Amino acid sequence: TTLYVSNFDTSKVTNMGSMFYNCGSLTSLDVSRFDTSKVYNFGYMFYGCYRLTSLDVSGFDTSSAEYMYDMFDYCQSLESLDLSSFEMESASDNCYDLLTDCYNLKQVKVGAGFRAYLPSLIYDYDTGEERDVSWYSETEGRDAGPYSAEDIHSDRLGTADIYTRSDAASLDISLADVSFDPAVYAYTGEEVEPDDMVVEYAGRTLVEGTDYEVTYEDNIGVGFATAR
């Protein structure tokens, strides 16, 4: 379902709260031309738009915003958002749950004015479990991070930082490059586990315990051991 609002004159609009609240049938929505320079309330604006797979708010002027709570709450199908234009200084105390239940969100672009928290927990509706989430700075390089929600909320942001989510349950590293030194170990009669195993995936060195867990099999006797 598509809602055609691209020609709306919103230059005098001050309240967009709940504008598309629970529009769960929407699969396409073009708000890229919205003039939001006078809007003070963005609360619940896109709440419950769980079928939207993309949403262009990169041109939103939020300099007048005072309320931004739950703005994208329950937008379950969104995988990326460009929030680099968002100025949230006046709404810093009223932007809670901005991205709650956006559990497919994998990449967020934020600017120096961003004052909300990126999700630190993702609820997996398939398993009914919550899992911890880390965020890596693509702008600083894939080795930078991981950053917590608190880190990203702080004033350390640049003008356009892109953060990519990493969590063990959703990251397929079956094609990762794995190396360790030494490659051959002497028989000791005890379990052998490499101290210096390096796992690289998509140009980034992954962190054991944060990005992946490893278990070993057949690592006592002479022969070949298996790491999974």
Side-chain angles (χ1 to χ4, degrees), residues 18 20-24 29 42-58 60 62 65 67-89 91-140 142 144-158 160-173 201-202 204 206-207 209-213:
S18 303
F20 303 103
Y21 184 91
N22 268 344
C23 290
L29 181 65
F42 291 92
Y44 293 98
M45 184 173 181
F46 302 105
Y47 179 98
C49 294
Y50 61 88
R51 286 193 173 93
L52 285 180
T53 57
S54 63
L55 187 63
D56 184 0
V57 293
S58 61
F60 271 28
T62 64
Y67 305 99
M68 303 184 78
Y69 44 78
D70 297 274
M71 186 173 178
F72 304 101
D73 193 352
Y74 213 57
C75 288
Q76 297 178 341
S77 298
L78 288 180
E79 294 191 2
S80 64
L81 273 174
D82 184 348
L83 308 180
S84 57
S85 69
F86 277 34
E87 171 56 55
M88 307 171 74
E89 189 66 36
S92 58
D93 294 329
N94 296 299
C95 55
Y96 49 84
D97 295 332
L98 185 80
L99 300 166
T100 299
D101 282 324
C102 295
Y103 63 85
N104 277 315
L105 193 63
K106 296 177 175 64
Q107 193 172 80
V108 184
K109 186 175 183 180
V110 298
F114 191 78
R115 290 295 180 274
Y117 291 100
L118 296 187
S120 58
L121 288 172
I122 293 293
Y123 184 80
D124 189 328
Y125 281 79
D126 293 328
T127 64
E129 298 178 350
E130 284 188 331
R131 56 181 184 265
D132 292 330
V133 171
S134 298
W135 294 89
Y136 289 85
S137 172
E138 298 287 343
T139 311
E140 297 176 5
R142 294 301 294 267
Y147 293 108
S148 68
E150 288 76 11
D151 291 329
I152 298 166
H153 184 270
S154 70
D155 292 337
R156 59 164 299 283
L157 300 174
D161 285 345
I162 300 174
Y163 287 91
T164 300
R165 187 184 105 202
S166 174
D167 59 286
S170 65
L171 186 62
D172 181 4
I173 60 171
Y201 180 77
R204 178 165 58 84
L206 304 184
V207 179
T210 299
D211 298 315
Y212 69 92
E213 301 288 342

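The structure presented is a predicted model; accordingly, all values stated were derived computationally and were not measured.
To the nearest 0.5 angstrom, Y47 atom OH is 10.0 Å from C75 atom SG. A distance of 4.0 Å separates OH in Y103 from CD in Q76, rounded to the nearest 0.5 Å. Once rounded to the nearest 0.5 Å, the distance linking OG1 of T53 with CG of L78 reads 7.5 Å. One finds the CD1 atom of I162 at 8.0 Å from the CG atom of D82 (value rounded to the nearest 0.5 Å). Atom CG of residue L83 and atom CE of residue M71 lie 8.0 Å apart, to the nearest 0.5 angstrom.
Not counting sequence neighbours, the partners of Q107 by the side chain to side chain donor-acceptor pair (under 3.5 Å) test are T164. Under the ring pair (Phe, Tyr, Trp, His ring centres under 6.0 Å) criterion, Y117 pairs with H153, not counting sequence neighbours. Partners of F86 by ring pair (Phe, Tyr, Trp, His ring centres under 6.0 Å), not counting sequence neighbours: none found. In this structure, the side chain to side chain donor-acceptor pair (under 3.5 Å) partners of D56, at least two apart in sequence or on a different chain, are S58. Applying the side chain to side chain donor-acceptor pair (under 3.5 Å) test to T100 and every residue at least two apart in sequence or in another chain returns D97. Listed by chain and residue number, nothing satisfies the side chain to side chain donor-acceptor pair (under 3.5 Å) test with N94 (two or more places apart in sequence, or in another chain).
With contacts defined as side-chain heavy-atom distances shorter than 4.5 Å, the pair F46/D73 does not qualify. Looking only at side-chain heavy atoms (C-beta outward), F72 and L105 stay at 4.5 Å or farther from each other. Between P119 and L99, the closest side-chain pair of non-hydrogen atoms falls below 4.5 Å. Counting heavy atoms from C-beta outward, W135 and V108 have side chains that approach closer than 4.5 Å.
Contact record, G48 with N22: CA-OD1, 3.8 Å, taken as the closest heavy-atom pair. Between S77 and R51, the closest heavy-atom pair is OG-CA, 3.9 Å.
Under the 3.5 Å distance criterion, the side-chain polar atoms of R115 are matched with a main-chain donor or acceptor of A112. In this structure a side-chain-to-backbone donor-acceptor pair under 3.5 Å is missing from N104 to E79. S85 contributes a side-chain N or O that, together with a main-chain N or O of F60, makes up a donor-acceptor pair within less than 3.5 Å.
Ring pair Y50/Y74 is perpendicular by interplanar angle, where above 60° counts as perpendicular and below 30° as parallel. Classified by interplanar angle (parallel below 30°, tilted 30° to 60°, perpendicular above 60°), the ring pair Y44/Y69 is perpendicular.
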Could you walk me through whether V57 and F42 pass the side-chain contact (heavy atoms from CB on, under 4.5 Å) test, one step at a time? CA-CA 12 Å; V57 293; F42 291 92; over 6 Å; no
